[in-house]
Structures are given as structure tokens and as C-alpha cells.
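What's counted below: heavy atoms across the whole structure, side chains too, no hydrogens, waters or symmetry copies. Starting from 1, each residue takes its place in the sequence as its number.
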Amino acid sequence: MRSRLRRLVLGATALFTAASALPAAAAPSQGRAEQHPSRDGMSAVIRYTEYGIPHILAKNYADLGFGTGWAQAADEVCTLADGFVTLRGERSRYFGADTAADGALSGARTNLASDLYFRGVRESRTVEKVLAEPAPVGPSREVRGMMRGWAAGYNAWLKKNKTTDPACAGASWVRPVTELDVAARGLAIASISGEGRFVDTITTAKPPTGTTTAGSGPSARKPDAKAVAKAADELWGDPGMGSNAVAFRGDTTANGSGLLLGNPHYPWEGGRRFWQSQQTIPGELNVSGGSLLGTPAISIGFNAHVAWSHTVSTGVPANFHRLNLDPADPTTYLVDGKPERMRKRTVTVAVQDGAPVTRTQWWTRYGPVVTSLNSQVPLPWTSTTAYALYDPNASNLRFSDTSLGFSKAKSTDDVLSSLARHQGIPWVNTIAADRAGHSLYTQSQVLPRITDGLAERCSTELGRTTYPASGIAILDGSRGDCALGSDPDAVGPGIFGPARMPTLKDAPYVENSNGTAWMTNADRPITGYERVFGTVGTQLGLRTRGGIEDVAAMADKGRLTVRDLQRQQFANRVPAGDLAAGDLARACAALPGGSATGSDGKPVDVSEACGVLKAWDRTMDTGSRGALLFDRFWPRLERAVPPGQLWKVPFSAADPVGTPNTLNTDVPGLATALADTVTELRAAGIALDAPLGAHQFVVRDGERLPVPGGAGQLGVWNVIQPTWDAAGGGYTEVPFGSSHLQAVGWDGSRCPVARTLLTYSQSSNPESPHFADQTRLFSGEKWVTSRFCEKDIVSSPKLKVVRVHERH
């Protein structure tokens, strides 16, 4: 066994050494190799180190995709297979039409809605049309090779291995996939914040009949502008994804190189999990980081020169067009007085234990017709008007090429160059640092080309309210001169070009916690961008305020190292607590008789809570006493008290990080919220001063693991959004929060200094040894030392080498 392992290691090292010796000019030959694969098919070498992290070594991009697809299947076959069922529009066939959809690839509420949408995408050949476009509009030859290889690797793993994960072992829906399936997944991820949010209304929109016309029936009532603006703001402000990231310039660090801390907040379960790997084509590519499941390239990561991460941005990735309809035909709309018929997309879906279901969707030059923002806020389709959604990311397959450009970058300028060439980032900001000491923030993303001037000239009456309030443009679709137009540097019409993107280069720090680009650096505010990108001069969220306070202090301190980044990640400071807990404790102590009235009208003895709040250390560490009390109290208070009444000192754009402040302890809702919180904890048998980790935990392999961190609503950097289950002992599962962490810098060596952590571990298969190993590290606030350089990989005491082949 040992001699075989040694031969594999030596063979892999020989492959690495021989290929590394190739001159740089040999790199273009990779494309020829992918067009003419060997008779033995695709292959790769996968070297596993601690915590099941694969280091994938390949001779070309197709082989690299092959190794990636194989290794992802080995860890996440059930999650991946479930996603491919979604993309094929077969959830109703296997799981039932009325069952809740998985939510990883769209916002569909039921399997039927999901299937109707994704089968429609497939039958309209949307993906094939994008694949046929030449680069950079379509994917490059390298990315096509990776997608083709990924599908082959996934299929080879299915053919040669038995699935042990009980979630899908023996299931008929675990089937081979194609390059088209991989591309469809990329397209779904790109459009998840646009069309993906509107699947339910896209698949149910119907033209009015003779009995349903403008002004008759509830579906025809005039949209309320304020309700639409509020619903849109909530829709695109949904916390289903988020993040923090900070990059430091070299003059703030100990050795003059840049530093990057990436902390994306993503689901812990399902198809939006990250998966960790290193990808190497000797002499061509060498990068480590996290990939979104089912994608072939590294999504966030680092190489020997550059590190980058993403944060969900404030840009609004879609807009609406109001259609003026032909009075004689509500499926015909007028543009400059000329009629255009809507396109019918009729889709039939197979249903488990039932007859197939057929529905029709209606599409326009702008996109699909939609009839609501949510169940309470209609956009009615009447005999005279309808609304169409435009989502430029519904044809964006450029994310992998953009990421591949990052993976090969040697500087933050190269990161910007990849963004400018490929323009494939759908709904996130990019934060980067490099070995030479540069820092970068840019909101370079694919957004509908809504300029403030266009919105002023072409907004409907409804849009004149929604655009200033939420960045949601509702344009007059009956006017040709209201088309979105083109920027000369954009890859296509209808989107902004790179020159328009809010960008800050080489500031001492750049930080984003899902706030507006304006406050990327408090001393260097970014202004001058269009409203669709976000706001300027408006109140910041507590996580943004706390993040800027922390990283600005770090930059001022200087001489920073990777260890400082690690400390910031697990500081678990609660900005809401720093602002309010002291005043709350004093107000509590002043209550007559230590009693407050709950929302049920009953008095509650809250005197014990006063001392607990006073003594609380203002963190969400697992040993922190009082953290749980404040955590359960604060959301209640924010629900009970209007924002304008919560603080005595209001927000000021002159001091955006420091205001608002000073808790208004006179508001009646404060004592009630405290009383209800005390009642809740006591009813659950939880002591008011219980350590957080005793009641914020997950269970893995029968072991109860305390979980540090807290809600973004409290301003905590290390976001954890657990599920409250009083009967189960408190917070008993974490569906969302900190995910793929990376703290990266450089020293004098050729290897980056990197610490990583995949909080939910590499595999969701409970039979895997890597189901919970990194979760245990997260519980103890420990990190993984990255093995990036060859000498570190081959010296791993856990090294396991696997040669994978398409066929033998």
C-alpha cells in the first residue's frame, strides 16, 4: 500500500514537474489538446490533504474540469443530482408537483412552478443560443472544455462508484449529465436574483379574459406605488445571500504586501454551498479557493499573486417595462404605435401519480410578462397594460470566464482587466488584494443600463416612485426611445460598460458588508454612480458600520498580518450591543419594581435581565453570557419600534458610521420587548445568563457543536442565522451564515500565506469523514493552513493520491 502511494505521488509530481518545464508559449496548445482528447479519454490526478481538500492536477482545461466534476460528485453527488433534476424540469415527476421546491436555483415555491420555468428555458434552447455566441459573449474555449470535462468527470464517478449518501442512494433521478446541464446551472446561478426570483409569476401570468378587464376584479386594481417600492426593496434585500470582505493596502501591513479577508454568508445546505479545491495546470494555472457547487471554476480564492472575494451588492439586477396593449388583443403590445405579438412558451411537465400539466408563459422583446412582485403586491395584466421583466443575466454565461481570469491574475489590475473583458459578475461586488500591496473594490456587475437620465425621461408614474426609493426602474415599454441603449465598452446592449462601475483602487482599506459602494472607505466615499447601483448618503446597516469601525482601526494600527484577519473573523463583536446594551440595562434597572408588561398584558419580573445585560461582554462568543438574551430581544424591539423612533440621535450623512446612536429608552415598545424575551427564554427553560454555545449549536454525528457568531441584524461580522426551536433547546440548526472563509497574505516566499475554513465542511453526506470535520474547527474558531505549494501538498501527513480516468 505504501509503495503504491509513493508511486502515485512520484507520478503526480513528475507530471507537475514535466509540465512546469514547458515554456509559457506552450500554453495556447492546451486548446488544441481539448479539441482532440486522447483515446483513453479525460483524466486527472487528485491529491487529497487534510479535511478532504482536493488538489486537482491536470494537463489541460478539459481534464481539469474532469477532475473537478469527479471530486465534486464524490463529496456532493446527491446535492448536485437534485439540482440537475431542477434544471431538467423534472421535480414534479420525482417529488410531486405541490411539494416545496428546493430554493437553490430559483425562488419557485413549488416543484411545478420550478419545472414549468426550467423546462421552458430548456425547450426554448436558451442555453444553446448563448453557448453558440463567440467569446466574450459566449464562453471561451477553455471554459467550454472545463464544462465538458466537468460533466464527463461527474458521469465517470457515477459509473464507477456506489452512492452511500442516504439522501439519494439508489434513486432513479441520479443520472448522467451533459455539458448543457452544466451550462444551464451556470445560467440559473447568474439569473437567480432576476428571473429566478419571479418564477412563480412568470409561470402563472395569464392574459385577461372578457370578464377581467381594467378596473374590474382584484387582479386589475391599480398598483400602489409605495407598496411596489417597498416590496421590491424587500425582494432584492432578501438575506438569502450576503457577505463581508476587506482588502488592506501594503502600507498598512507588516511586510508591504496586501491582505484579504473573505467571509461570504451563504446557505449551509443545498445547491448554493461552496466546495473547496485547488486547480492546477502546470505552467498555465494554479489557484485555490471555493467554487459554487456544479460550477467548474474557482468562484472566490487566491493564487501566488492575488486573492479575491465577493459580496452581494446593492445593485438591482432587473427592471420592468410597462406595456401598452392592443385594445383588441391583450397578447399584443405596441411599440411606437406598431403592434408586436407576445411569444407563447407552452410547457408540459410530467407529474408524479398524475396527468401531465401544461401551462403557457408569455414573453416579449423585454422578457417575460409578470403579474406581481409578491402575493400581496400585484402588477396587473389588464386589457390595456401589462408588465414585462428584463434580466440581462438571463443570458449571462460569462461568470466562469471572469473567475478564470481572476484565477490567472497577477495583480489587482489583472482582476479589473478580467472584469472589463468578460463582464460576467451577476450580483456581487469584487474585493481583491495582491502581493505588491494593492487593494481593490469594484461593483463591476451586470446591471440593466438604467441611467438616472433615462429613468427621469422614461419612468412610468409608478416608476417615478419606485426608482428613487428602491432603484427599481419601471419604464414606458411603448416608446422605442426608452430602450436601454448601449455603452461602447459593454459586451452587449442593455448593460453598463466597465467605465460606469463604482470602483476604488489602492485605498488603505476597502470593505463591504452588503452596503452601498458609497462607504467602501469612510475617508474616500465613492459617488457619481447611477441610482440602480445603490444609494449615496443614506443610513448604513449595523454590519457595515461595525465592519468599517473595525477595519479602519486595523488600518490605523498598521503592521497587519494574516493573524489579524483571523482575529477579526472571530471577534464576534455586536455593534448593536455596543450602541444599546448599556442604555438598555440602565432603563431595565429603572423599571418600577423590576417589572415590565408583556404583549399579553401580564406583568413580568425582568430584574434579573438588568444585571445580565450590564455584565454582558457585547460579543457572540460561545461562552458569552447575556448574548442570547440580547439576540432574542433586539429583533423584537426593531419590529415594535418605527426606525425613526429607535434612536435619540438621528442619522447624519456627515457622520454615517457614527449615527444614528443613543437608544431611545422612552419608547413604550422597549419594556414590552424585554418582557416578552424574558418570558420566551424562561418558558423554554433557558437561563437568562446561559452561555450562548449551550443554546446555539448544531448536531453532527451525534455530537453537539456550539456555534459562534450572530445575526447580521445585530451587526455581527461572523454572521450566523440559526433556526430557533425553543422545544429543542434553543438554536438547533444553521441554514445560513459564514461559509468559505479565507484570510490571505504573502511573505518573502513563493507561496501565499493562507488560512481557510469551510464552516459546514466539504461533504453533506453523513457517511463521509468530511461531513463535520471543518464544522468542529469552526465551533472552536480554528482554521486550516492552506497547502498551496507543491512541497506542502506532498508533505501532508493525510496525503491520498487518486488517478481518475474517463475509461480504462
>> Using a 6.0 Å cut-off, check whether atom NZ of Lys505 has over 12 heavy atoms from anything other than its own residue.
In response: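 For Lys505, atom NZ is not crowded (no more than 12 foreign heavy atoms under 6.0 Å).
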
> Quick check: are there more than 12 heavy atoms from other residues, nucleotides or ligands sitting under 6.0 Å from NZ of Lys782?
Replying inline: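 No.
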
Without hydrogens or angle criteria, can the side chains of [X] and [Y] be said to hold a donor-acceptor pair below 3.5 Å?
X	Y	value
Asn303	Asn286	no
Ser411	Asp413	no
Ser624	Asp617	yes
Ser418	Thr402	no
Asn429	Thr311	yes

Shortest non-hydrogen contact from [X] to [Y]?
X	Y	value
Asp792	Cys751	OD2-SG, 4.3 Å
Val744	Ala754	CG2-CB, 4.2 Å
Asp676	Arg636	CB-NE, 3.7 Å
Gly546	Pro575	CA-CG, 3.8 Å
Val562	Val753	CG2-O, 3.6 Å
Ser786	Ser288	OG-OG, 4.5 Å

Ring geometry between [Y] and [X] (parallel below 30°, tilted from 30 to 60°, perpendicular above 60°):
X	Y	result
Phe496	Phe533	tilted
Tyr731	Trp724	perpendicular
Tyr266	Phe274	tilted

Hey, does [Y] have a side-chain heavy atom less than 4.5 Å from the side chain of [X]?
X	Y	answer
Trp518	Pro656	yes
Val446	Ile425	no
Tyr509	Tyr441	no
Leu663	Lys648	no
Lys410	Asp434	no
Leu705	Glu703	yes
Thr544	Asn514	no

To the closest 0.5 Å, what do you measure between [atom1] ([X]) and [atom2] ([Y])?
X	Y	atom1	atom2	answer
Leu674	Arg632	CG	CZ	14.0 Å
Leu741	Leu758	CG	CG	8.5 Å
Gln445	Ser193	CD	OG	9.0 Å
Thr430	Leu416	OG1	CG	9.0 Å
Leu565	Leu260	CG	CG	7.5 Å

Whether [X] side chain and [Y] backbone form a donor-acceptor pair below 3.5 Å:
X	Y	value
Asp631	Trp634	no
Gln762	Gln276	yes
Arg273	Ser761	yes
Ser439	Ala433	no
Arg531	Pro468	yes
Ser299	Leu292	yes
Arg618	Trp616	yes
Thr723	Thr732	no
Asn664	Gln645	yes
Gln721	Gly712	yes

> Given Phe248 and Val246, is the side-chain contact (heavy atoms from CB on, under 4.5 Å) satisfied, shown in steps?
Replying inline: CA-CA 7 Å; Phe248 290 99; Val246 58; 3.8 Å; yes

> Can you list the residues that meet the salt bridge (Lys or Arg N to Asp or Glu O under 4.0 Å) rule with Asp550, with sequence neighbours excluded?
Replying inline: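 With neighbours one apart ignored, the set is Arg573.
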
> Residues in salt bridge (Lys or Arg N to Asp or Glu O under 4.0 Å) with Arg704, at least two apart?
Replying inline: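 With neighbours one apart ignored, the set is empty.
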
Residues which pass side chain to side chain donor-acceptor pair (under 3.5 Å) with [X], listed by chain and number, not counting sequence neighbours:
X	answer
His305	none
Asn661	none
Gln696	none

>> With a 6.0 Å cut-off on the ring centroids, do Trp268 and Phe736 count as close?
In response: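 No.
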
>> Checking Phe788 against Gln278 for the side-chain contact (heavy atoms from CB on, under 4.5 Å) test, could you report, in this order, the C-alpha distance in whole Å, the side-chain angles of both residues, the deciding distance, and whether it holds?
In response: CA-CA 8 Å; Phe788 183 85; Gln278 182 175 5; 3.6 Å; yes

>> Could you go through Asp564 and Lys557, starting from their C-alpha distance and side-chain angles, then the distance that decides it, and tell me whether this counts as salt bridge (charged side-chain N to carboxylate O under 4.0 Å, His left out)?
In response: CA-CA 11 Å; Asp564 291 297; Lys557 167 179 165 271; 3.3 Å; yes

>> What verdict does the side-chain contact (heavy atoms from CB on, under 4.5 Å) test give for Val698 and Thr775, after you've listed the backbone C-alpha separation in whole Å, the side-chain angles of each residue and the deciding distance to 0.1 Å?
In response: CA-CA 9 Å; Val698 295; Thr775 311; 4.2 Å; yes

>> Does anything in residues 241-255 form a side chain to side chain donor-acceptor pair (under 3.5 Å)? List the pairs, not counting sequence neighbours.
In response: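 Counting only pairs at least two positions apart or across chains, the side chain to side chain donor-acceptor pair (under 3.5 Å) contacts touching residues 241-255 are Asn244-Asn263, Asn244-His265, Asn244-Ser513, Asn244-Arg543, Arg249-Asp251.
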
> Can Phe406 and Phe302 be said to form a ring pair (Phe, Tyr, Trp, His ring centres under 6.0 Å), step by step?
Replying inline: CA-CA 8 Å; Phe406 294 173; Phe302 58 92; over 10 Å; no

> Passes side-chain contact (heavy atoms from CB on, under 4.5 Å), Arg197 versus Ile192? Steps please.
Replying inline: CA-CA 6 Å; Arg197 290 187 183 268; Ile192 200 166; over 6 Å; no

> Checking side chain to side chain donor-acceptor pair (under 3.5 Å) for the pair Ser738/Asn718: CA distance, chi angles, key distance, verdict?
Replying inline: CA-CA 6 Å; Ser738 291; Asn718 181 29; 2.7 Å; yes

